[in-house]
Amino acid sequence: MVASKKQKKAMESINSRLALVMKSGKTTLGYKSTLKSLRQGKAKLVIISNNCPPLRKSEIEYYAMLAKTGVHHYSGNNIDLGTACGKYFRCSVLSITDPGDSDIIRSMPTES
């Protein structure tokens, strides 16, 4: 029970940071636009939902490794990730190009 409480607290902090990025920073939602931002070297952090297909996930991780970009595996599914972004649709992958006022870039690699 204690581990799940800690995990929920971490997820809430991720959601609040993600909301701040959506408000003050720049993001690209979706698989194609994330790959595009990784190829151009603009992506600072990539967030992948837990039900993203394995082949797609490995391809994004490979591109991120080549671009020296951090990857965070979001603990919720694509519906939760879309909701955390403040959207009414599903989102399995998103890349953050400009974090804005949020400290999400510094905090993510330590958590994942």
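Nothing here was measured: the structure is a model prediction, and the numbers come from that model.
- Looking at S37 and T97, their side chains never bring a donor and an acceptor atom within 3.5 Å of each other.
- In the hydrophobic clustering (ILVMFWY side chains linked at under 4.5 Å, chained through shared members), I79 stands by itself.
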Margin query: If you apply the rule side chain to side chain contact (heavy atoms under 4.5 Å, CB included), what do you find for I48 with S92, and how did you get there?
Written below: CA-CA 6 Å; I48 306 172; S92 62; over 6 Å; no
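- Atom NZ of K44 sits about 13.0 Å away from atom CZ of R106, to the nearest 0.5 Å.
- The closest donor-acceptor contact from the side chain of S16 to the backbone of S13 lies under 3.5 Å.
- Residue pairs satisfying the side-chain hydrogen bond (donor to acceptor under 3.5 Å, both in side chains) criterion with at least one member in residues 51-60, sequence neighbours excluded, are listed as follows: Y31-E59, S49-N51, N51-N78.
- We find the CG-CG distance between L94 and L18 to be 6.0 Å, quoted to the nearest 0.5 Å.
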Next item on the list: Step by step, work out the side chain to side chain contact (heavy atoms under 4.5 Å, CB included) result for N50 and Y74.
Entry: CA-CA 6 Å; N50 68 357; Y74 189 74; over 6 Å; no
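- The distance from the CZ atom of R17 to the NE2 atom of H72 is 10.0 Å, given to the nearest 0.5 Å.
- The two atoms that bring A43 and L38 nearest to each other are CB-CD2, 3.9 Å, heavy atoms only.
- With contacts defined as side-chain heavy-atom distances shorter than 4.5 Å, the pair L29/C85 qualifies.
- Here the straight-line distance linking atom CD1 of I104 with atom CD1 of I14 works out to 7.5 Å at 0.5 Å rounding.
- With rounding to the nearest 0.5 Å, the separation of NZ in K36 from OG1 in T34 is 11.0 Å.
- For the pair N77 (side chain) and D80 (backbone), a donor-acceptor distance under 3.5 Å is present.
- Of the inter-residue distances, the one linking Q40 atom CD with T28 atom OG1 reads 9.5 Å to the nearest 0.5 angstrom.
- By the 4.5 Å heavy-atom criterion applied to side chains, L81 and T83 are not counted as neighbours.
- Contact check for K87 versus M22: side-chain heavy atoms found under the 4.5 Å cut-off.
- Taking Ile, Leu, Val, Met, Phe, Trp and Tyr as members and joining any whose side-chain heavy atoms lie under 4.5 Å apart, directly or through other members, the hydrophobic cluster of L66 also contains Y62, M65.
- For the pair C52 and V93, the minimum side-chain heavy-atom distance is below 4.5 Å.
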